[in-house]
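All chains are named by letter (A, B, ...) in the order of the sequence lines, taking the proteins before the strands, and each is independently numbered beginning at 1.
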Number of protein chains: 2
Amino acid sequence: MRRVRKTPKQERSRQMVERIVTAGREVLVEHGYDACSTNRVATRAGISPGSLYQYFPDKQAVLAAVIDRYWDDVTERVAAALGDRVADEAGPAMVRATADALLAALERDPALLRVVVRQLPAQEHEARRASLERRVVGLATAYLGPRLPRDHRRDVAAVAWVVVVAVENLAVRWVLDQPAGISRNDLLDQVVALVGGYLGMPGVAGMPAGSTT
Amino acid sequence: MRRVRKTPKQERSRQMVERIVTAGREVLVEHGYDACSTNRVATRAGISPGSLYQYFPDKQAVLAAVIDRYWDDVTERVAAALGDRVADEAGPAMVRATADALLAALERDPALLRVVVRQLPAQEHEARRASLERRVVGLATAYLGPRLPRDHRRDVAAVAWVVVVAVENLAVRWVLDQPAGISRNDLLDQVVALVGGYLGMPGVAGMPAGSTT
DNA sequence: CCCTGATGCGAGTGATCGCTCGCTTTCAAG
DNA sequence: CTTGAAAGCGAGCGATCACTCGCATCAGGG
């Protein structure tokens, strides 16, 4: 019954955790989820399996740390872009800037994104991804609250959820699948049209005046 | 080197495959992905592990069959709803009907949906889900083609992709997460507003006249 | 230089699980 | 009935892998 070391030297320990998490990320990207054994991570980190377990209680914890860092990083970047501009940009520009920031964050490490989204069982990173969403939904709600027409005010929560889920998934899917014929700018245009049309933003009428009968 | 039985009696064989796939689905739902061992599936199907391997080459194939059936079923139901009505309903009504059909299909077995989407590595059901999307994107493209305003015609593919990905993910997420404060009808309303606003459908102006500066 | 506790090591253990193989049962044809 | 091949069985093999434990190493105070 070996216990996790209790912050033995604070500094050395933090570095070790860092090394292990980095090694975990590298193994994940280079060998995939199935081949991501604790021994391989330890070797990659330049330590022995036994040492790894002085810093993490089990394999799950190592992976969780990798995933946490990943989504935290994405969250930071998006929140920064969104936070900066709340209320000081016109609607469409803000939508585009936010989507752009999200795309940029996801594009920083497509290989890791692919492993996380495609190989890991979703429930292993569900919690972190949910917290990213919660934060963005919060910001979106604050933004939308006073801007929705009076007769739709009570729907803010639903509207914010719909926007966030839709945009997030479009961004992830676009980065991973690179659908033929849709350039990065096309995607941003479409996202602005989608959200703008939904929210009735002036000057963004979706595909305007289409005959749809 | 035991080989898969070559359709030995056609009828009995088909029944066996059926029994095994059903058992696989049940084990998946009742015990989860991690506990879905071949021995358990065989036991559940009332056969021995050895017999299972006369009908499937490996574990992966059994799971693939379960997943295939699941997405095929969903695809059928959605395509039926969409196919019936292409061109004989007004835009917004069609969007709602399609979203409704998708929701209904996903709601038929939420437990299985949860296991498939949350526990299975996404790449294991990616192919089938992609084929559902391809089919719906095809139908959507056919529908949208002649209806988009001339200056957006060249975007049909992108528009169809955006609509399908957004709606699909909203539906799956709604069924699995049941977000507080969003009823089934709320969701349908929002989807209609989202898609309608995007496509500029008359009478569906999203959140109309919002001040978004 | 010795002692001691903290740190690190890595071969090994125990459990799991996909899959197999040699045997038994079934059944239809002769 | 006999016979033999097809169908079915299930104990167990072989490989993997998360995790452990007893030992080596080292730092630094005496």
### Message
I want to verify a distance call: between D:dC9, D:dA11, D:dC17, whose nearest atom is closest to the B:Ser48 side chain?
### Response
D:dC9
### B:Leu63 CG to C:dC17 P, straight-line distance once rounded to whole Å
14 Å
### Query
Is any side-chain nitrogen or oxygen of A:Ser51 closer than 4.0 Å to OP1 or OP2 of C:dC9?
yes
### Rounded distance (Å) that lies between atom P of C:dG18 and atom CD of B:Gln60
12 Å
### Message
Check the phosphate of D:dC17 against A:Thr38, side-chain N and O only, distance under 4.0 Å to OP1 or OP2. Yes or no?
### Response
no
### Query
Do any side-chain nitrogens or oxygens of A:Tyr53 fall under 4.0 Å of OP1 or OP2 in D:dC21?
no
#### Entry: Atom pair distance, as rounded to whole Å: CG in A:Asn39 and P in D:dA15
18 Å
### Message
Under a 4.0 Å threshold between the charged nitrogen and the carboxylate oxygen, would B:Arg173 count as salt-bridged to B:Asp177?
### Response
yes
### Message
Side chains of B:Glu124 and B:Tyr33 only: does a donor on one sit below 3.5 Å from an acceptor on the other?
### Response
yes
#### Entry: B:Val195: which of B:Thr98, B:Val163, B:Val162 passes side-chain contact (heavy atoms from CB on, under 4.5 Å)
B:Val163
### Query
CD1 of B:Ile47 versus P of D:dA11: gap in Å, rounded?
15 Å
### Between D:dA7 (C1') and B:Leu52 (CG): distance, integer Å
14 Å
### Query
A:Ile20 has an atom CD1; how far is it from atom C1' of C:dT7, in whole Å?
13 Å
### Message
Output the rounded distance in Å from CZ (A:Phe56) to C1' (D:dC17).
### Response
19 Å
### Query
Within this structure, what is the OH-to-P distance between B:Tyr55 and C:dC19, rounded to whole angstrom?
18 Å
### Task
Assess whether atom CZ of B:Arg153 is packed by more than 12 heavy atoms of other residues, nucleotides or ligands within 6.0 Å.
yes
### Task
Just compare D:dG10, C:dA11, C:dG18 and give me whichever is closest to any side-chain atom of B:Lys59.
C:dG18
